[in-house]
Amino acid sequence: MAHEWLPSLLTELFEHHCSEDLNQLSSQLLHSERSASEMAVSEMVDVGIEHSTAKAERWDSSSCVLISYADTVSAEDQPGLRCLQALLHSHFNGLSSVVHVLPFLRATSDGGFAVASHEEIDQRFGDWNDLAALGEGRQLMADLVLNHVSASHPWVRAFLKGDQPRARCVLAASPNPCWDNVVRPRSSALFTTLSTDRGPETVWTTFGSDQVDVNWREPEVLLGFTRLLDLFCSYGVQWLRLDAVGFVWKQPFSNCIHQPQAHRLVEVLRLLLESRCPEGVVVTETNVPEQENLSYLATGSEAHLAYNFPLPPLVLEACLSRRADLLNGWLARWPQLPLETGLLNFTASHDGIGLRPLEGLMESHRLLHLLKQCEQRGGLVSHRRLADGLEVPYEINISWWSAMADSGRDPSHHQRSRFLLTQLLLLALPGVPAFYLPALLATPNDNASFRRTGHRRDLNRPQFQLDRLERLFADPESETSQVTGSLRRAMEVRRGQSALDPFAAMTLLSKDRSDLVILQRGDENNMLVAIHNFSDVRLSLSLSTLADSSGALWHDALSGRSLVAGQQALDLEPFAVHWLVR
C-alpha cells in the first residue's frame, strides 16, 4: 500500500522535483536499512532480550502510556535507561504498557529537544541496547523532533561550511514582511544570524537560537529522518511522537502553521512507519486550539492518535474552581473521530499546561483566575509573542501534584483525592491514558532546579535517586505508594471492563451540572457509569437518576460496594470517584 500512495504524497512535498527523481526517492524511503536492523537484532539476541509480538490492535483497554525522561531516575555508575528499567520493572508493570522515553539522543538544550545527533544516544543514558532492553515486555515510544535540530547538528555545521547536500537541510531566510503573520510558540527571535564561510547568513529559529529549523523542501531532510526511523525501529520503537509537527512548513504570506504540506508529511511518516512496523502508532503533538489539533486525525490517514490538549487546563480549572461546568460543556461535544484513531488523554507532561487549547473554551476572567490560583501554588506562566509584538500567556509551568494542593492553611487537604480524581478521569474517557512519571511519584514543584537553570519548565522536570524511590515505595503510607497503588488497581479494573474499551461509546449524564462529571460508557447491555465529584463538599446522588436504573443492582468496580437503585443513594465524598456497573 505504501508504494502506491507514497509517490503522490512526495509530489506535494517536493513539487520542483521530477517524477523520476521522486520515484527513486520513494524506493529509497521504503527500503529499510537491513544491515542496521539485522545488526540490532543480532545484538539483542546476544544480550538475551526478547520483545513481545505486535498486538492485533494498536491499543486496547490495557494500553497505558508512561512518560519519562531517560535520566529521571539515576543511580551511581548506572546509565539512566537502566535505572528507569529497574524502576518500571519493579513498580510500574500495570502502568507502563507503552513507555514514552523523551528525547534521548545527544542534544545541547531544551530538555533534549535540541538534537545534536540522529545517531548517538547521550552517553549518560546508556546505549541502543539499553533502549531495547527497556522495551522488554512493553512497547517503546520515541520522538521525531521534526521542526529543528541543534545549532551543533552536522546539518548546521555543513551549512556553515557550504557542504552540499547537507547544507540545504537548514532553512535559511531573509526577514521581510512576508513573515509578519507567523504564529509563534515562543517570545524569542524568529530568525538568528550565523557566521558562515560565506559571511553572515540568517536562518529560522522558531523555538530559540539553539534550535535551527530544517528545510523540509529538501529530500535529504526526509532521508535523514528516515534513517533515524530505521534506527528506532531496529531497537524496538513502535510508537512515534511527532514533535511540533504543525510548524514544519514555512509558506510566505501565511501563518506558517498547519500548512497542507505538514499534513502530507504526517501521512508520509505514517506510511514509512507502517512499512517497517505494521502495528506502529503515529502520535501528533500540536499544542494549539482544539479544531487545529484534531485536523491531524480528521482524514483517518494521518495520525493514529493526537494529544488531547484541551483536557489538562479544563480539568485543572475544574479542580481549582470546584466548578465542572466548562469541563462538562466540553465533554458534551466529544469529537466523533475516524475509525482506528483516538485521543491520548493526559493531564501532566514534561511541558507546561498549554493555554492555546482553551481559546474559545474559557472566558478571560476564568482564565485569569486560573493563572492566579496556579501562581499561589508556586507555578509560573510562560508567554508567546503575537505578530503585533504583544506577549500573551502560553502555558502554566507547575507540577501537577503542586497544582492539586489546597489553597487553605493545609496544602495537603484533599490533595491526594484531587490528584486521583484527575487521573481516574483519564481512565474513564475514550482513547488512551498517559501518565507523567514525576506526577505519579507525587512530586511538588522542583524549585531548586528552576533556581539553578532559570528555565520555567524545570519546575516540572525533576530527577530522582533510585534508592530514594525504593524507600518511598517500601513505605505503604507514602504518597508515592498510595497514588501508584490506587492507579494500578484502577487499571486492573479497566482491563476487565469492556465498557471502558478505548473505542466504546460515551454519553455525558451531567451536562447541566457544575459539581459532578458523570460519564456513561458502553451500551445498555454492557454499561459503566463513572461518577466524579469535583466539589469539596459531600454530596448524595440518587441512583434512580442514572439511565434506566430503577430497581437495578449496582456494583462499584473501584470499591467493591454494591447498591440498589431506588433504595439507596450514593454518598460522594469530596473529589471522590465511583465506577458503577450493573
Side-chain angles (χ1 to χ4, degrees), residues 109-110 113-114 145-148 171-193 202-214 216 243-263 284-296 306-307 309-310 312-314 316-317 326 349 351-375 379-398 454-457 459:
S109 64
D110 195 24
F113 285 91
V145 184
L146 297 172
N147 181 76
H148 49 264
L171 186 59
S174 298
N176 64 53
C178 73
W179 308 119
D180 283 351
N181 295 320
V182 173
V183 169
R184 299 301 319 286
R186 297 284 188 274
S187 57
S188 55
L190 182 60
F191 304 104
T192 298
T193 300
T202 303
V203 297
W204 282 75
T205 52
T206 301
F207 286 82
S209 59
D210 189 43
Q211 293 163 289
V212 178
D213 292 19
V214 298
W216 277 101
D243 176 67
V245 65
F247 295 95
V248 296
W249 199 270
K250 281 72 174 179
Q251 191 70 25
F253 301 103
S254 77
N255 60 9
C256 295
I257 189 169
H258 313 310
Q259 295 299 300
Q261 294 87 347
H263 288 275
T284 45
E285 186 270 336
T286 50
N287 186 4
V288 293
E290 184 175 24
Q291 293 309 310
E292 297 177 32
N293 184 45
L294 294 177
S295 68
Y296 292 88
Y307 279 76
F309 275 108
L314 285 172
L316 178 61
E317 198 274 342
L326 296 182
S349 78
D351 286 341
I353 300 163
L355 299 176
R356 287 213 67 203
L358 288 180
E359 293 177 16
L361 300 178
M362 185 179 293
E363 302 92 335
S364 58
H365 71 277
R366 293 272 291 259
L367 175 58
L368 180 61
H369 186 63
L370 172 62
L371 300 183
K372 290 179 178 178
Q373 290 267 58
C374 289
E375 287 178 335
L380 297 169
V381 180
S382 295
H383 295 73
R384 70 185 183 98
R385 184 173 297 159
L386 301 181
D388 60 5
L390 180 68
E391 293 195 0
V392 296
Y394 179 68
E395 67 179 22
I396 302 170
N397 302 115
I398 191 171
H455 299 309
R456 298 183 176 207
R457 285 181 170 176
L459 280 172

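This chain uses plain numbering: 1 for the first residue, then up along the sequence.
- A distance-only check finds a donor-acceptor pair linking the side chain of W216 to the backbone of L146 [under 3.5 Å].
- Interatomic distance, R366 CZ to L368 CG, rounded to the nearest 0.5 Å: 12.5 Å.
- N293 contributes a side-chain N or O that, together with a main-chain N or O of Y307, makes up a donor-acceptor pair within less than 3.5 Å.
- Checked by atom type and distance alone, the side chain of T286 never pairs as donor or acceptor with a backbone atom of V288 at under 3.5 Å.
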Requested in this report: Take Q259 and V248 through the test side chain to side chain contact (heavy atoms under 4.5 Å, CB included) and record every step on the way to the result.
Outcome: CA-CA 8 Å; Q259 295 299 300; V248 296; over 6 Å; no
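- Across all non-hydrogen atoms, the minimal contact from G352 to R457 is N-NE, 4.0 Å.
- Nearest heavy-atom pair, P185 versus V183, reported as atom, atom and distance to 0.1 Å: CD-O, 3.9 Å.
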I'd like to know whether L316 forms a side chain to side chain contact (heavy atoms under 4.5 Å, CB included) with L370, so could you lay out the CA-CA distance, the side-chain angles of the two residues, the decisive distance to 0.1 Å, and finally the verdict.
CA-CA 8 Å; L316 178 61; L370 172 62; 3.9 Å; yes
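- Here the side chains of L326 and E363 are in contact, with some heavy-atom distance below 4.5 Å.
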Determine, step by step, whether N147 and D243 satisfy the side chain to side chain contact (heavy atoms under 4.5 Å, CB included) criterion, reporting the C-alpha distance in whole Å, the side-chain angles of both residues, the deciding distance to 0.1 Å, and the verdict. CA-CA 8 Å; N147 181 76; D243 176 67; 6.0 Å; no
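- Under a 3.5 Å cut-off, the side chain of R184 and the backbone N or O of R384 do not form any donor-acceptor pair.
- In this structure, the separation between OG on S382 and CZ on R456 is 5.0 Å, given to the nearest 0.5 Å.
- For the pair W179 and P252, the minimum side-chain heavy-atom distance is below 4.5 Å.
- Between N181 and A387, the shortest heavy-atom contact is CA-CB, 4.4 Å.
- Between R356 and N287, the shortest heavy-atom contact is CB-O, 4.0 Å.
- Atom CG in L390 sits 10.0 Å away from atom CZ in R385 (nearest 0.5 Å).
- Not one N or O on the side chain of D213 forms a donor-acceptor pair closer than 3.5 Å with the backbone of L171.
- Using a distance-only test at 3.5 Å, with no hydrogens or angles considered, no donor-acceptor pair links the side chain of E290 to the main chain of P357.
- A distance of 11.5 Å separates OG1 in T192 from CH2 in W204, rounded to the nearest 0.5 Å.
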Practice prompt. Could you give me the CA-CA distance, side-chain angles and deciding distance for Q291 and L294, then say whether side chain to side chain contact (heavy atoms under 4.5 Å, CB included) is met?
Written response: CA-CA 5 Å; Q291 293 309 310; L294 294 177; 4.0 Å; yes
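- Ring centroids of Y296 and H258 are separated by less than 6.0 Å, placing the two rings close together.
- Atom CD1 of I398 and atom CD1 of I353 lie 6.5 Å apart (nearest 0.5 Å).
- Taking the side chain as every heavy atom from C-beta outward, H148 and T206 never approach each other to under 4.5 Å.
- For the pair D110 and R186, the tightest heavy-atom approach, listed with the atom from each and the gap, is OD2-NH2, 4.4 Å.
- Checked against a 6.0 Å centroid threshold, the rings of F247 and F207 count as neighbours.
- Nearest heavy-atom pair, G354 versus P313, reported as atom, atom and distance to 0.1 Å: O-CG, 3.5 Å.
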